[in-house]
Amino acid sequence: GRDTTGDAKYDFLDIGVGLNVQTAGAYTVTGDLIGANNPEAGYLASAQGGAVLSSGSQSITLSFDGRQLRQRRVSGPYALVNLGIYNAAGERVAFASAPYTTTTAYPYTAFQPGLAELTGVYSDAGVDTNGNGKYDALRLSAGVNVLITGAYNLVATLYDSQSAPI
């Protein structure tokens with residue numbers, strides 16, 4: 001991880017991608033991170049990096065946003081997947097969906113938090129607003145840790161047991 005703010009929290013997770021360049025020129029590398037031990041969590045972050053490279057062994061660094069990793073609340077190790085390499089014309093010259101590399105283990109809390117984040121503490125309660133003994137509303141509460149004072153909106157979608165939005 002790379003801490004750019006000096007607060008002992010990683011702002012980025014940098015992963016170098018080694019290339020054997022046949023033709024000198026401008027190249028872009030793209031990739032996605034998944035939890036190496038938790039792939040069912042899906043894609044955690046995406047990154048791209050580019051450089052003008054001479055022929056031979058070269059490297060391009062992908063810098064994954066630490067705030068994105070923290071927001072997903074999945075600890076590492078992370079696997080770099082869906083590695084794409086593009087030339088200056090935007091043509092994909094190589095692609096690999098299988099993991100290219102796996103990082104060392106990182107707790108998600110090692111990464112930079114956002115301005116506010118959910119604590120993971122939730123509660124719900126039915127509300128009878130007219131005294132007829134039946135619920136008229138569902139009140140949901142979520143714990144939030146606010147790092148910077150300000151106005152925030154919490155937006156959520158309620159799903160039924162078939163994973164359809166209500």
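For the side-chain hydrogen bond (donor to acceptor under 3.5 Å, both in side chains) condition, the pairs that include at least one residue of residues 134-150, sequence neighbours left out, are T129-D136. Applying the side-chain hydrogen bond (donor to acceptor under 3.5 Å, both in side chains) test to residues at least two apart or on different chains, the pairs with a partner in residues 34-50 are D32-S46, Y43-N82. Among pairs with a residue in residues 68-79, those fulfilling side-chain hydrogen bond (donor to acceptor under 3.5 Å, both in side chains) read R70-E117, R73-Y108, at least two apart in sequence or across chains. Residues in residues 154-166 take part in no side-chain hydrogen bond (donor to acceptor under 3.5 Å, both in side chains) pair, two or more places apart or across chains.
Taking CG of L44 as the reference point, atom CG of D65 lies at 12.5 Å (rounded to 0.5 Å). Q112 CD to T4 OG1: the interatomic distance, rounded to the nearest 0.5 Å, is 7.5 Å.
L13 and L33 get closest at one heavy-atom pair: CD2-CD1, 3.9 Å. The two atoms that bring A142 and L154 nearest to each other are CB-CD2, 3.7 Å, heavy atoms only. Shortest non-hydrogen contact noted between A8 and D3 is N-OD2, 2.9 Å. Residues V74 and G35 share a closest heavy-atom pair of CG1-CA, 4.4 Å. Closest approach of R67 and P113 over heavy atoms only: NE-O, 3.2 Å.
The closest side-chain heavy-atom distance from V144 to L118 is below 4.5 Å. Side chains of L53 and I60 form a contact here, defined as non-hydrogen atoms less than 4.5 Å apart. Inter-residue side-chain proximity for V21 and Y27 is flagged as met; some heavy-atom pair is nearer than 4.5 Å. Side-chain contact between N130 and D128 is present, with heavy atoms from C-beta onward closer than 4.5 Å. Side chains of L147 and L115 form no contact here, defined as non-hydrogen atoms less than 4.5 Å apart.
P99 pairs in a side chain to side chain contact (heavy atoms under 4.5 Å, CB included) with only one of the listed residues (L80, V81, L83), which is V81.
Under the salt bridge (Lys or Arg N to Asp or Glu O under 4.0 Å) criterion, R92 pairs with no residue at all, not counting sequence neighbours. Annotation: salt bridge (Lys or Arg N to Asp or Glu O under 4.0 Å) contacts of D11 (sequence neighbours excluded): none. Remark: A88 engages A26 in a side chain to side chain contact (heavy atoms under 4.5 Å, CB included) (not counting sequence neighbours). Shown here are the ring-ring contact (aromatic ring centres under 6.0 Å, His included) partners of F111, two or more places apart in sequence or in another chain: Y10, Y106. S54 pairs by the side-chain hydrogen bond (donor to acceptor under 3.5 Å, both in side chains) definition with Q58, not counting sequence neighbours. Remark: E91 engages N87 in a side-chain hydrogen bond (donor to acceptor under 3.5 Å, both in side chains) (not counting sequence neighbours).
Counting Ile, Leu, Val, Met, Phe, Trp and Tyr side chains that sit under 4.5 Å apart, directly or through other members, L158 shares a hydrophobic cluster with L138, L140, I166. In the hydrophobic clustering (ILVMFWY side chains linked at under 4.5 Å, chained through shared members), V121 stands by itself.
Cluster membership check: F64 does not share its hydrophobic cluster with F12, using side-chain heavy-atom separations under 4.5 Å among Ile, Leu, Val, Met, Phe, Trp and Tyr. When the side chains of ILVMFWY residues are joined at heavy-atom separations under 4.5 Å, either directly or via intervening members, Y100 and L62 end up in a single hydrophobic cluster.
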